[in-house]
Amino acid sequence: MSAAGAASFFLLEPHRIIACVRGELPSTAAATRKYPLENRSFRTGLLAITAVPIGAVYLWRTLILPILSGALPADFNANYMAAAARIASGHDPYDLCVIQGCAPSPGTLTPLPLAGAQYVTPLPVAWMLQPLLGVDPHLQLAIVIGVLQIALAVFLWTTMRAIGVADWQVALLLVLVAIAFEPVVGNFDEGQVNLVLLGLSGTWLLAWVAGDRWWGGAALGVAVAIKLLQAPLGLLLVWGRRWKMVIAAAVAGAALWLLAVPQYLPEYLFKVAPVLAGGTGLFENHSPGGTVARLLDPGTFLGAVRDTSPAARAITTLIAFAALAASFWILRRPRADRMGRALEAAAMVSVGPLVASYSWGTHLVLLLLPMFVLITWALPRRDWTVLTLVAAGWALIGPGHNWFQILLVSGFPNLVVLRVMAEFGVVGIASIWIASLIALKREHAIERS
C-alpha cells in the first residue's frame, strides 16, 4: 500500500482499524456486499416516496385542519387562557380544590385525576398569554400555530447544526422523523407549550456542544421556568462544570418566576408542585411512577382512584435515583468532542421522563433531541442496535400509543391487553435511554482503542 493509500485508510476507515485490532474484520465477500440502503440513489427514492405522504399529513393536521375548524386547541383555551384570565382579573390561577382532589368534578362522583383543564403549570405561561385575552379567537389560533411551527423549525435548525448534519438525506430523514412523531402533532392538537421547550432545547444543545456558553444556560433556565420537565439537566451542567451556563440558567429562570405574578409563587412551590410530584397511575402517565402506581393499585388506571400510595412513591423515587446513577456512571468524565458532548446531552434528556413522576404523551416530544443525536451518530457507524432501539422507542410512543387509545375509546373489553398496551410509552422511553447509554459506552470503547 502506498503512503497516500495508507493515509486514506487510517483517515477514512477507522472502524476497519478497530475491527482489525479486535480480530473482527469481515471476510472479503462480506466486506464487498452492498445493501440497498447503501445505494444513494435508492435512499433518494425511498425518501421521496415517504416524504410526500408524511408531509401532507403533517400539513393537514397542524395547519389546514385547525384553520378549517377555527376552534382553539383544548388545553390552550380551557387551561392556559383560563388561567391568564384569572391572573388578569387579580385572581389565583390555581384551583387548589380540584388540584388537591378535595371536591368532585361536576357531574361525577370522584375527584378529577391530575389531568385536564385545571392549570398546574408554572406561572410564566399564563402570565405571558395575558395580551391575547382580548384578541379575536381566529387571530389567537393563528398565533398559536405560528409560534409552535417556528419553535419546531428552531429546534430542527439548531439541533442539526449542533450535531453537524451536512448531508441533505440525513437532514430530510430527521425532519420526517420529527413531523411524523405523534407527540409533535399532539402538541398542535392541544395547543401545548412543549414545542416551545423543544425549540429552547435545541438552543441549549448548540451551546453545550460549543462549550460553556451563557446563552445556552439562559435558554435552559427559561425552559425550566416555563415547565419543570428539563430540571434534571441542571445536574448535567454542574457535572460538566459549565459554570457560566449554570449561573445564566439560574438567573434567567429566577427572573422569569419573579416577574410572573410572584405573589402566587409560594402557592405553586408548596401546594401545587408537591401534588405533581406525587404522580398518578392514570393511563396517560408515561413514567415508571405511573407504571408502579398502576401495578400497586389497578384502580388508578382509569382515574377511579386518584392518589398514589406511599409505597408507589418510594419505589418511584428509587427508580429515579437508579436511572440517574446509571446515566452518570456511563457518562464518566466530560467529553471534549462535539459528538461526544451531544451524546452526553442525549443521555440526560432521555433519562428525564424516567426520573419524572408525571409525564404525559405530549411531554415526550422532548425526546426528539436524543433521537436526532443517536440517529446521526449510529448511521455512519451502521450501529443497528442503537438504530433499532430508537426506532422501537419512536414506534411505541407514537403509533403504539395511538393504537392503545383507539382500542380504549372504542370500548375494547380485554382490560389485560389494555393494561399491557398502556406501558408502551414507558417501554419506548426506556428504549431510547438504553440506546443513548449504549452509544456512549461504545464511544468510550472506540476512544480507548
*Asks:* Which heavy atom of Leu156 sits nearest a heavy atom of Ala178, and at what distance?
*Replies:*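 That closest heavy-atom pairing would be CD2-CB, 4.0 Å.
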*Asks:* Is Glu182 salt-bridged to Arg61, cutoff N-O under 4.0 Å?
*Replies:*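 Arg61 and Glu182: salt-bridged.
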*Asks:* Does atom CH2 of Trp215 have more than 12 heavy-atom neighbours from other groups under 6.0 Å away?
*Replies:*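 It does: Trp215 CH2 has more than 12 such atoms within range.
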*Asks:* Does any N or O in the side chain of Trp239 come within less than 3.5 Å of the main-chain N or O of Arg332, such that one atom is a donor and the other an acceptor?
*Replies:* yes
*Asks:* Would you say that more than 12 heavy atoms from the other residues, nucleotides or ligands in this model lie under 6.0 Å from the CH2 of Trp329, or not?
*Replies:*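 For Trp329, atom CH2 is not crowded (no more than 12 foreign heavy atoms under 6.0 Å).
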*Asks:* Is Arg335 reaching over with its side chain to a backbone N or O of Gly340, donor-acceptor style, under 3.5 angstrom?
*Replies:*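 No.
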*Asks:* Hey, does the side chain of Arg43 reach the backbone of Gln169 with a donor-acceptor pair shorter than 3.5 angstrom?
*Replies:* no
*Asks:* Do the non-hydrogen side-chain atoms of Val184 and Asn187 ever get within less than 4.5 Å of each other?
*Replies:* no
*Asks:* Which heavy atom of Asn285 sits nearest to which heavy atom of Gly289, and what is that distance?
*Replies:* ND2-C, 4.5 Å
*Asks:* Please say which of Leu366, Leu368, Thr362, Leu367 ends up in a side chain to side chain contact (heavy atoms under 4.5 Å, CB included) with Leu364.
*Replies:* Leu367
*Asks:* Got a sec: does the CZ of Phe412 have more than 12 other heavy atoms crowding it under 6.0 Å?
*Replies:* yes
*Asks:* Using 0.5 Å steps for rounding, measure from the CG atom of Leu369 to the CG atom of Leu197.
*Replies:*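 Interatomic distance, Leu369 CG to Leu197 CG, rounded to 0.5 Å: 12.5 Å.
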*Asks:* With rounding to the nearest 0.5 Å, note down the distance linking CD in Glu423 to CG in Leu396.
*Replies:* 11.5 Å
*Asks:* Step through the shown structure and confirm whether more than 12 heavy atoms of other residues, nucleotides or ligands are within 6.0 Å of CH2 on Trp243.
*Replies:*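 More than 12 heavy atoms, drawn from other residues, nucleotides or ligands, come within 6.0 Å of this atom.
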*Asks:* So, does Arg294 use its side chain to make a donor-acceptor pair with the main chain of Leu282 at under 3.5 Å?
*Replies:* yes
*Asks:* Going through the distances and angles, do Ser431 and Trp394 end up as a side-chain hydrogen bond (donor to acceptor under 3.5 Å, both in side chains)?
*Replies:* CA-CA 9 Å; Ser431 177; Trp394 184 95; over 6 Å; no
*Asks:* Looking just at side-chain N and O atoms, do Asn194 and Gln192 make a donor-acceptor pair shorter than 3.5 Å?
*Replies:* yes
*Asks:* Charged N to carboxylate O below 4.0 Å: is that the case for Asp383 and Arg381?
*Replies:*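 No, Asp383 and Arg381 are not salt-bridged.
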*Asks:* If only atom types and distance count, is the side chain of Arg213 paired as donor or acceptor with the main-chain N or O of Ala210 below 3.5 Å?
*Replies:*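 Judged by distance alone, yes, a pair lies under 3.5 Å.
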*Asks:* Say you draw a straight line from CE of Met128 to CG of Leu256; how long is it, rounded to the nearest 0.5 Å?
*Replies:* 5.5 Å
*Asks:* What's the shortest heavy-atom distance between Trp377 and Glu443, and which atoms?
*Replies:* NE1-OE1, 2.7 Å
*Asks:* Working to the nearest 0.5 Å, report the span between CG of Leu237 and CH2 of Trp204.
*Replies:* 7.0 Å
*Asks:* With heavy-atom distances below 4.5 Å as the criterion, would you say the side chains of Asp167 and Arg40 are in contact?
*Replies:*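 In short, these two side chains touch, coming nearer than 4.5 Å.
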*Asks:* Can you tell if the side chain of Leu200 reaches within under 4.5 Å of the side chain of Gln230, non-hydrogen atoms only?
*Replies:*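 Not in contact.
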*Asks:* Please state whether the rings of His363 and Trp360 are parallel, tilted or perpendicular, taking 30° and 60° as the class boundaries.
*Replies:* tilted
*Asks:* May I ask you to test the Val120-Tyr358 pair for a side-chain heavy-atom distance under 4.5 Å?
*Replies:*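 Yes, at least one pair of side-chain atoms sits under 4.5 Å.
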*Asks:* Please determine which of Val426, Ile429, Asn402, Val427 meets the side chain to side chain contact (heavy atoms under 4.5 Å, CB included) test together with Ile397.
*Replies:* Ile429
*Asks:* Over 60° means perpendicular and under 30° means parallel, so classify the ring planes of His401 and His286, tilted if in between.
*Replies:*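 His286 and His401: perpendicular rings.
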*Asks:* Between Ala345 and Leu236, which heavy-atom pair has the shortest distance, and what is it?
*Replies:*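 Taking Ala345 first and Leu236 second, the nearest heavy atoms are CA-CD2, 4.0 Å.
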*Asks:* Mark yes when over 12 heavy atoms from residues, nucleotides or ligands other than Arg333 sit less than 6.0 Å from its CZ; otherwise mark no.
*Replies:*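 No, not enclosed.
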*Asks:* Students often mix this up, so state it plainly: with edges at 30° and 60°, are the rings of Phe155 and Phe372 parallel, tilted or perpendicular?
*Replies:* tilted
*Asks:* Kindly give the heavy-atom pair with the smallest separation between Ser436 and Leu374, and that separation in Å.
*Replies:* CA-CD2, 3.6 Å
*Asks:* If we only count heavy atoms from C-beta on, is the Leu205 to Thr158 side-chain gap below 4.5 Å?
*Replies:* no
*Asks:* Using the ring of Trp208 (Phe, Tyr or Trp, six-membered ring only), decide whether Arg242 places NZ or CZ under 6.0 Å from its centre and within 45 degrees of its axis.
*Replies:* yes
*Asks:* Considering non-hydrogen atoms only, spot the tightest contact between Ala252 and Ala218 and give its length.
*Replies:* CB-O, 3.7 Å
*Asks:* Side chain of Asp297, backbone of Ser309: donor and acceptor closer than 3.5 Å?
*Replies:*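 Side chain of Asp297 to backbone of Ser309: no pair is present.
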